[in-house]
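Right, one structure below, let's go through it.
Convention: sequence-line order gives letters A, B, ...; per-chain numbering from 1.
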4 protein chains.
Amino acid sequence: MFSKFLSLEPEKQERILNAALKEFAQKGYKNASTNEIVKEANISKGLLFHYFNNKKELFLFLYDYSLDIFMNEFFGKIDMNVKDILKRWPQIALVKIEVIRKYPEIFNFIVAANTENASEIKNDLELRNKEIITSSYAKVLEDIDISKFREGIDIKRAINIIIWTAEGLANQEKAKAKLSSLGQINYEKVLAEFDIYIELLRNCFYK
Amino acid sequence: MFSKFLSLEPEKQERILNAALKEFAQKGYKNASTNEIVKEANISKGLLFHYFNNKKELFLFLYDYSLDIFMNEFFGKIDMNVKDILKRWPQIALVKIEVIRKYPEIFNFIVAANTENASEIKNDLELRNKEIITSSYAKVLEDIDISKFREGIDIKRAINIIIWTAEGLANQEKAKAKLSSLGQINYEKVLAEFDIYIELLRNCFYK
Amino acid sequence: MFSKFLSLEPEKQERILNAALKEFAQKGYKNASTNEIVKEANISKGLLFHYFNNKKELFLFLYDYSLDIFMNEFFGKIDMNVKDILKRWPQIALVKIEVIRKYPEIFNFIVAANTENASEIKNDLELRNKEIITSSYAKVLEDIDISKFREGIDIKRAINIIIWTAEGLANQEKAKAKLSSLGQINYEKVLAEFDIYIELLRNCFYK
Amino acid sequence: MFSKFLSLEPEKQERILNAALKEFAQKGYKNASTNEIVKEANISKGLLFHYFNNKKELFLFLYDYSLDIFMNEFFGKIDMNVKDILKRWPQIALVKIEVIRKYPEIFNFIVAANTENASEIKNDLELRNKEIITSSYAKVLEDIDISKFREGIDIKRAINIIIWTAEGLANQEKAKAKLSSLGQINYEKVLAEFDIYIELLRNCFYK
DNA sequence: AATGAATGAGGCTTCATTCAT
DNA sequence: AATGAATGAAGCCTCATTCAT
């Protein structure tokens, strides 16, 4: 399908990927201009369509590519031997942070793609996400040791609370960072904060 | 600024607002067509620009207008005498549901506006949201009775967990509804589920 | 449908029609350029699409318009009181010549449209032609006096021979004109030639 | 001129010719895509232009090639010893049918090429046709026995009527076939009909 | 105030042709 | 001879915005 593009010299591939990633992340699908992409990538108009046929296929290629890199990196780094969810969870947060630090543009693109309204791609994105999200959640929660939960606790819902707390904290910190002058997240502080919440939840749910 | 528009006969004002609300909610900022808006509102092309100068100002006027209506209705209905956060919170959820049911188009528009990437409006939206969100959170959490919390509990963070759990549950149900055949949220079921989580959290945090 | 265009000042309408007629007649549907049309008509790009939505609708409007003018003029001038086919036929040929002389561009366009391969419009043209051609033939042959035919003559086929002879002659003369230096048909000569054929056929088929 | 192409292995030559023939016949000159041709022929883009320089020369080479094959086959099969035009003519029709059945793609291409409006090739086609048509007509009518014609008959014009009748009938049947569900010509029926017309004309023109 | 014709820049996409390998 | 990546002009069409009436 995209063999023409994939057999390109890596340097050029990257130039095109980065240009497209950046343009889509900044402006969204509809507003992104293929003109800008080719200008930034320093290739001709025709060449982009030689590789990707049309704007939509370029976008979806980029999405699959980004998700692939992100997920591989992510799951490659998680230690599934940690069975205690309150220990695995901080680990996952750490790994996620590392991956974002390693591929910031890719992460930006994925986030932007999912805060997107363009009807042309909505279905295709949802199709891809449905599968990925459910399978990722399952994987991340796989093989959790539930023996540590206090008796009488509704374990399924307790786990949900743990997850939502983690997400909530992450979003809060992101929002704070946006408001601050630097726009940068202080990861060390976040992790420390994270530990406090974990302790709080441990007292609630564990024996 | 928009005095010309505001001194219009109310019926015509509404026609224009509804047409624009609907178009933006359905298609997003960039994809929305001023042509469709004037056709739906049954006014001339020139008139729209006579009132609002350009598309962006129309959109932002609509956003301010929507937020205003929504917030007024929302805060008008909340009973601030309920000081127990685990009781106020379900109340807030109920009120939110009522307001959404009363102004579905306005709510759709606000949601759509915030899942929007168009670079032309991103900054302006964020500017508006920054202020609103922080002040709303403060208001909703005002005057909470913390005497019920067990001793030794980190109250500020416990409240955060409560909030994030509520948000997490809401998002989960929205996602479920999207995947289901109807696409409709069963509010009664959600509220029942909500109660279970509240009980779980009460056992954790309260005396 | 095309009310916007039709309520234009006639001078501008004509400018646009002529420009489009000429471009399509010269280059065929696919090869014709809307860019050239607007340049020739001295209007902006957007305006053409404001009137006609897209290239195909412009073309089909032109076709219906051309056929309408041509047919009205044509049938308006034929004297249906002439019942003898060998007299009506030269009359028809004469009328056709007159109409072509009056609207040469329109005739050129109709001919060009029908020597056209573009798949985008083939169906629409055939749809229009099927109806027009059968009804025209019927009208032109309506009420013919067959009492003059010799007994034993297969009248239906004899009439076909008469028609095909007329068409054959007309095509031959057109081809000759194309080869000559002027490219112009000498109508007087053609009519004289026509009379000779009519006499020949009268001797064959009539009492 | 095309020596490079002609010194190719015949199998490859044929692959290219058939691919191009098919594409042009189906889509017309302008609409035909050199991309599709090279894909179908399984050669590289560059090679096509190495052999034919450009699209136009490819098309005209194909036209000359097709006409050459068609005419050779056609004239090779006609029995010029049949001197009676009313007998030679059905023979010619039969031969034409045989050749079309033998080389359907070539015939399709020739027909399509001549119902083509593309300005780039119009002149070149007309140039080629002018010569071919006049010389073919002369050849086909060569050495006709005119002694059978009744005295007083204008023989040259009578022959024209015979020719036009044959053409008229052929076109009528083609049009009928197009409208029918199958789109196929029933050759046996056409030939029977042909015989009726020949008898009619024999009674008119022959002693 | 109100209209809607008119603009023209910019959008995506196609395609014959070239050229380095 | 043979490849196919690369070009860029030209194609059709959209759309916010302006302006004469």
Sugar-phosphate only, base, or nothing, as touched by D/Lys12 at under 4.0 Å among non-hydrogen atoms: sugar-phosphate
Nearest listed nucleotide, side chain of B/Leu47, among E/dT3, F/dA2, F/dC13: E/dT3
C/Lys45-C/Asn35 side chain donor-acceptor pair, cut-off 3.5 Å: yes
No-hydrogen, no-angle side-chain donor-acceptor test under 3.5 Å, C/Asn114 and C/Asn129: yes
Nucleotide E/dT14, atom P - distance to CD of C/Glu120 in whole Å: 13 Å
Gap between atoms NZ and P, on A/Lys39 and E/dG11 respectively (whole Å): 8 Å
Touch class at under 4.0 angstrom, heavy-atom based, for D/Tyr51 against every strand present: sugar-phosphate
N/O (side chain, D/Thr34) to phosphate O (OP1/OP2, E/dC15) under 4.0 Å: no
Side-chain (D/Lys4) to main-chain (D/His50) donor-acceptor, under 3.5 angstrom: yes
Between C1' of E/dG11 and CG of C/Asn54, the distance in whole Å: 17 Å
Spacing of C/Glu9 atom CD relative to E/dG4 atom P, expressed in whole Å: 17 Å
Proximity of D/Phe61 and D/Tyr51 rings by center, below 6.0 Å: no
Whole-Å gap separating C1' (E/dG11) and NZ (A/Lys27): 12 Å
Pairwise 5' ranking along DNA chain F for C/Ser33 and A/Asn42, keeping only the more 5' one: A/Asn42
Upstream residue (5' side of DNA chain E) when B/Ser44 and A/Ala32 are each assigned their closest nucleotide: B/Ser44
Minimum-distance nucleotide (side-chain atoms of B/Leu8 versus F/dG11, E/dA5, E/dA2): E/dA2
F/dA1 phosphate, OP1 or OP2, under 4.0 Å from D/His50 side-chain N/O: yes
Rounded distance (Å) that lies between atom C1' of F/dT17 and atom CZ of B/Phe52: 16 Å
Atom pair distance, as rounded to whole Å: CG in D/Asn53 and C1' in E/dC19: 15 Å
Sugar-phosphate, base or nothing in reach of C/Lys56, heavy atoms under 4.0 Å: nothing
E/dA1 pairs with, by Watson-Crick or G-U criteria that keep both distances under 3.5 Å: none
Whether D/Tyr29 and D/Phe24 hold their rings parallel, tilted or perpendicular, with breakpoints at 30° and 60°: parallel
Nearest to side-chain heavy atoms of A/Phe49, which nucleotide of E/dT14, F/dG4, F/dC12: E/dT14
For F/dA10, the Watson-Crick or wobble partner whose two distances fall under 3.5 Å: E/dT13
Euclidean distance, atom CG of residue B/Leu58 to atom P of F/dC15 [Å, nearest integer]: 16 Å
Selected nucleotide, minimal atom distance to B/Lys45 side chain, candidates F/dA16, F/dT3, E/dT13: F/dA16
Of C/Glu36 and A/Lys4, the one whose closest DNA chain F nucleotide lies more 5': A/Lys4
Any donor-acceptor N or O pair under 3.5 Å, side chains B/Lys122, B/Asn117: yes
